[in-house]
Colleague: 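One structure follows; several queries about it will come next.
Every chain is numbered from 1, with letters handed out A, B, ... down the list of sequences. Small disclaimer: the values here were computed from a predicted structure and weren't measured.
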There are 2 protein chains.
Amino acid sequence: MLTVPARTSPASAATSRDVAKAANVSQALVSRAFSGNGRIAPETRDRILKVAAEIGWRPNALAASMVTGDAPLVSVITTRLSFDWRAQVLSHLLKAFEAWHLQPLLFYAESDREVDRLLAETISWRTRGVVVTAGVVPEARAEAILSRGQFLAALNRPGNHPEAFSIATDNPIGGRQAATVLLGEGRGRFLALAGPEDSWASSRRVDGFVDGLGQAGHQPMVWHNATMTTEAGLACADRLLALPPNERPDGVFSTNDAIALGFIDGLRGSGMTIPQDLSIIGFDNLPASSWTPYQLTSFEQPLDAMVLGVLDHIHAHQQPEAAQPPSAPEAHRLGADGVIYCAPRLVLRQTTRGQL
Amino acid sequence: MLTVPARTSPASAATSRDVAKAANVSQALVSRAFSGNGRIAPETRDRILKVAAEIGWRPNALAASMVTGDAPLVSVITTRLSFDWRAQVLSHLLKAFEAWHLQPLLFYAESDREVDRLLAETISWRTRGVVVTAGVVPEARAEAILSRGQFLAALNRPGNHPEAFSIATDNPIGGRQAATVLLGEGRGRFLALAGPEDSWASSRRVDGFVDGLGQAGHQPMVWHNATMTTEAGLACADRLLALPPNERPDGVFSTNDAIALGFIDGLRGSGMTIPQDLSIIGFDNLPASSWTPYQLTSFEQPLDAMVLGVLDHIHAHQQPEAAQPPSAPEAHRLGADGVIYCAPRLVLRQTTRGQL
DNA sequence: CTGAAAGCGCTTACAG
DNA sequence: CTGAAAGCGCTTACAG
């Protein structure tokens, strides 16, 4: 006696043939009933659909892809989703895929080093193309993907190929703007709270900040952090407080909000007040940056523009004939590296006194 | 003259036949070289692999699935990923899939109402099974999936079928524990800040809270919120401050942290102090709950236990013979609804005075 | 409007 | 150890 409810064994799955038999038609008609291609009498179609529903059959998309040589799949390379711009961007992207009847096949990179391997695995699935949101795209890999007729869209990183599509936040501009704000307040001693030295985004933000200050004859200190977390921000606050009061920076630019928020918390109770003694600007415009205890001036990344750019590119790739000019994002520039850079948006709050 | 670099046309993708020709072997050997199944001379294998790499060919996983009748795919139903337990849980799940060479096929639900439709679409792909993290699984749909031999794993919701796997946070226990803490502090006027009336998790948390208080002869007010955001929390604070001081609740349980954090911000500057005048407990243990300005007592959801449970189930489904007893999460109970409920973990901070 | 047949790119017995 | 052949479940010309 079995304790588990009886089950019609792994059900050697029904096929269109079974449906055809049950509906008393040829197997080809079953295909036509579902695809809408080819002529079929309306009543026949209805009958087939009804029988299929009873049996619980739907065309096997894998088999269909074999015949047509085209699967409605898109590869998406991503990495840790939690509390990251990726989660937000992916939500938008996946929503659009759903509307376009594209199925995203996810490739999860534990670390950036795995990205090239995942890119290679991608090809087994003969997808329409690949969206990359993690790691680096090697040139040879980009060429391999594009030469198959797939699209390649890189988000917040270079595509490393003239035919790849690539769109990113204009990080240097953000850094320069931060410098402008702090200089406008009359600050004189500057500090950049940065991520790891090899972080692409963080480094570009610092570069812009250094540039902007340099034009006014100033130069910031740069403190690198192994992780861009609130904990790192707390540690930076301790480091600042350890300096003699007259040597402490008074104009701080953090290359992300998490560090900035931790930094603000680390200064609480120290006697240093914001923005009297010190101004601070973050990057990301996290929800928390607008919360009462923070009111952090920050840069919002142009995530919507980036998503639209990718969707435009995928759309153009699917319908090359209808090659309408891609809807360029409002504020952007085309980099020498082929990347479309979209300006971040400055959100002024209480941790600065400046106007632009 | 073309401005676009020449491109060997949509490259009518190479096949194993092309590789075979180039390596001077039969097409079957190419298959064996990659699959490792069947005998093949090591030198032959090496030569084939080398040729394939040059051509940039890999076995077409779609075609392979046709023959073997089994694709290494898993359907995952999800919804908005940003700032949600889903992002965290998915990260873990996807990491494990990657290690097990399973490809997740994502189905994105714009709203819970779409979930059943997505569940139906799922079957076109003949995946190994489906993981549901959004909406409700109708009984008939569960039966349809399971009768195909696929697995069905529901996260934080009922599976609605005796053979489905389902694991969730034990919400009522959290609510009861919140009541115990607030009662232990000697609080006397209670308030629950809840989500929408039809929110499964929020309602269960309130139920537990009401139960726990009821045993001590108390009854809380319950304020429902259409969205469980910090903004809603701010509004609740206003509502509380509008009450005459002697009618204001002094023991508050919020069914998520976002509302609790907004509520705390809403009380700032009002003269009400925490935890002197009022205690508050949240749910989720968001990173922000430990930040200096909040120090919110909260419940951590047993996400790791839930992920492990799902992975165990998938593993058992793939290797039914090695049916080792599933590693039961430490603290859990089996509900009459077939759901494995894992206790949340109370994290005491400064918004309560209580000990358990 | 309907059906018989070819074929998509692989894997896997089955012979050699 | 290698190869020829069948067949997975569909779609799509091609006849009728």
Colleague: Whole angstrom is fine here: how far is it from NZ in Lys21(A) over to P in dG9(D)?
Modeller: 12 Å
Colleague: Using the ring of each side chain (for Trp, its six-membered ring), is His315(A) parallel, tilted or perpendicular to Trp100(A), with breaks at 30° and 60°?
Modeller: tilted
Colleague: dA4(D) pairs with which nucleotide, Watson-Crick or G-U wobble, both distances below 3.5 Å?
Modeller: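 Checking every strand shown, dA4(D) finds no partner, since no pair has both distances under 3.5 Å.
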Colleague: Pairs of donor and acceptor atoms involving the side chains of residues 127-135 of chain A, under 3.5 Å and at least two apart or interchain, shall be tabulated with distances.
Modeller:
{"residue": "Thr127(A)", "atom": "OG1", "partner": "Ser75(A)", "partner atom": "OG", "Å": "3.0"}
{"residue": "Thr127(A)", "atom": "OG1", "partner": "Gly129(A)", "partner atom": "O", "Å": "3.1"}
{"residue": "Thr127(A)", "atom": "OG1", "partner": "Gln150(A)", "partner atom": "NE2", "Å": "3.3"}
{"residue": "Arg128(A)", "atom": "NE", "partner": "Asp70(A)", "partner atom": "OD1", "Å": "2.8"}
{"residue": "Arg128(A)", "atom": "NE", "partner": "Asp70(A)", "partner atom": "OD2", "Å": "3.2"}
{"residue": "Arg128(A)", "atom": "NH1", "partner": "Gln318(A)", "partner atom": "OE1", "Å": "2.3"}
{"residue": "Arg128(A)", "atom": "NH2", "partner": "Asp70(A)", "partner atom": "OD2", "Å": "2.8"}
{"residue": "Thr133(A)", "atom": "OG1", "partner": "Ile77(A)", "partner atom": "O", "Å": "2.8"}
{"residue": "Thr133(A)", "atom": "OG1", "partner": "Thr78(A)", "partner atom": "OG1", "Å": "3.3"}

Colleague: Please check if any side-chain donor atom of Glu139(B) sits under 3.5 Å from a side-chain acceptor atom of His161(B), or the reverse.
Modeller: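 No - no donor-acceptor pair under 3.5 Å links their side chains.
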Colleague: Under 4.0 Å: is that the gap between some side-chain N or O of Trp57(A) and OP1 or OP2 of dC10(D)?
Modeller: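 Yes.
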Colleague: Reading nucleotides 1-8 of chain C 5' to 3', which nucleotides get B (base under 4.0 Å from a protein heavy atom), which S (sugar-phosphate only), which -?
Modeller: BBBB--BB
Colleague: With a 3.5 Å distance limit and no angle check, can you tell me whether His92(A) reaches the backbone of Leu308(A) through a side-chain donor-acceptor pair?
Modeller: no
Colleague: In the structure shown, which nucleotide is the Watson-Crick or G-U wobble counterpart of dA13(C), with both distances under 3.5 Å?
Modeller: none
Colleague: Backbone N or O of Ala109(B) within a donor-acceptor pair of the Thr79(B) side chain at under 3.5 Å?
Modeller: yes
Colleague: Please state how far atom CZ in Phe34(A) lies from atom P in dG9(D), giving the value in whole angstrom units.
Modeller: 16 Å
Colleague: Give a yes or no on whether the ring-centroid distance for Trp57(A) and Phe34(A) is below 6.0 angstrom.
Modeller: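 Yes, close enough.
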Colleague: Round to a whole Å and report the spacing from CG of Asn37(B) to P of dT12(C).
Modeller: 5 Å
